[in-house]
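Notes for the one structure printed next.
Proteins come first, then strands; the chains are lettered A, B, ... in the order of their sequence lines, and each starts at number 1. This is a predicted model, so every value here is computed, not measured.
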Protein chains: 2
Amino acid sequence: MANEQLQEAVDALKKTKVRMTPQRHAILEFLFDSMSHPTADEIYKALEGKFPNMSVATVYNNLRVFKEVGIVKELTYGDSSSRFDCVTTDHYHVICSDCGKIVDFHYPGLDEVETLAEHVTGFQVNNHRMEVYGRCPECKNISKH
Amino acid sequence: MANEQLQEAVDALKKTKVRMTPQRHAILEFLFDSMSHPTADEIYKALEGKFPNMSVATVYNNLRVFKEVGIVKELTYGDSSSRFDCVTTDHYHVICSDCGKIVDFHYPGLDEVETLAEHVTGFQVNNHRMEVYGRCPECKNISKH
DNA sequence: TTCTTACATTATAATTCTTATAATTTATTT
DNA sequence: AAATAAATTATAAGAATTATAATGTAAGAA
């Protein structure tokens, strides 16, 4: 369940001298609950009922903190604002070029690519990013008519 | 050579009713010559000697056109501005997390990933993006001292 | 070749996303 | 419970990108 992962994330934060605040908890909760990949603004809007005085800066600040600790990943696409995804299991994303929908899919981590890149370039490789682009079933249908 | 690929790109544009202008040619030439991955602003600055009156908007507009035709790829990272890369052979990028340097490396296209994603998600997959992150040899040395 | 028209460019303003700043508030330590 | 270090807020500033309107130009037709 999402709750266990949330708890793990909270524990991870405690170990790194990062204080737990209601705002931080709410942002994390929202990220883990919604299995979507919200933008900073979406998070801000979703929580303004609970925290009418919360600042957008708080959302951005905390997303940066979460990224540094390693429990959140930033997804950047050309068009608009960044999206944020909690780092849970090893999954990748398929993104619809038409409507922007993001769908997760599982695939074994591309470790071979990392090691090859390391040998060929002399870099000390830490991680990678991979996304697949195409058209989602809905958009495929729309274009047929 | 870069010249042949440039010619191919120009031909591809002619077929799609996109007019060839001196500015467009210069932008393409710069992209194919420099095997780096310049930002829109870098392109703008590089060409202001040749085109003192060229507008930044022109660079952005044309990069968008090139992207739509499929001869240029946009690489977006969270922090700063997008970088642009001409779509040539199948190569991927290793990016230094410290200094931002981008180095190409060859690797067989990840076709299996695309087909798997297609089957699992029902998307019609067209392409993918993959990057490896780490620290370049230079930055590794710096941090040792 | 010249004319015409639709497309490109320019210059500027506007937007949008994100970060910086300073004052206030709050969580943790002593 | 007091002290301190960090987080939040509100606002302003910054940077990257896009929109707008006027002017200029490429490419096909006469």
Nucleotide nearest B:Tyr60 (side chain, heavy atoms from C-beta), chosen from D:dT9, D:dA16, C:dT10: D:dA16
Touch class at under 4.0 angstrom, heavy-atom based, for A:Ser82 against every strand present: sugar-phosphate
First of B:Asn61 and B:Lys14 reached from the 5' end of DNA chain D, by closest nucleotide: B:Asn61
Salt bridge flag under 4.0 Å for residues B:Lys140 and B:Glu138: no
Working for side chain to side chain donor-acceptor pair (under 3.5 Å), residues A:Glu42 and A:Tyr44: CA-CA 5 Å; A:Glu42 280 166 4; A:Tyr44 173 64; over 6 Å; no
Sugar-phosphate, base or nothing in reach of A:Thr21, heavy atoms under 4.0 Å: sugar-phosphate
Phosphate contact (D:dT8 OP1 or OP2) by A:Asn62 side-chain N/O below 4.0 Å: yes
Distances under 3.5 Å between nitrogen or oxygen atoms of protein and nucleotides 21-23 of chain D:
none

Distance below 4.0 Å between A:Gln23 side-chain N/O and D:dT9 OP1 or OP2: yes
Sugar-phosphate only, base, or nothing, as touched by A:Pro52 at under 4.0 Å among non-hydrogen atoms: nothing
Salt bridge (charged side-chain N to carboxylate O under 4.0 Å, His left out) partners for A:Arg24, two or more places apart: none
5' priority, DNA chain D, between A:Arg19 and B:Arg64 [closest heavy atom]: A:Arg19
Nearest heavy atoms of B:Cys136 and A:Phe123, plus distance in Å: CB-CZ, 3.4 Å
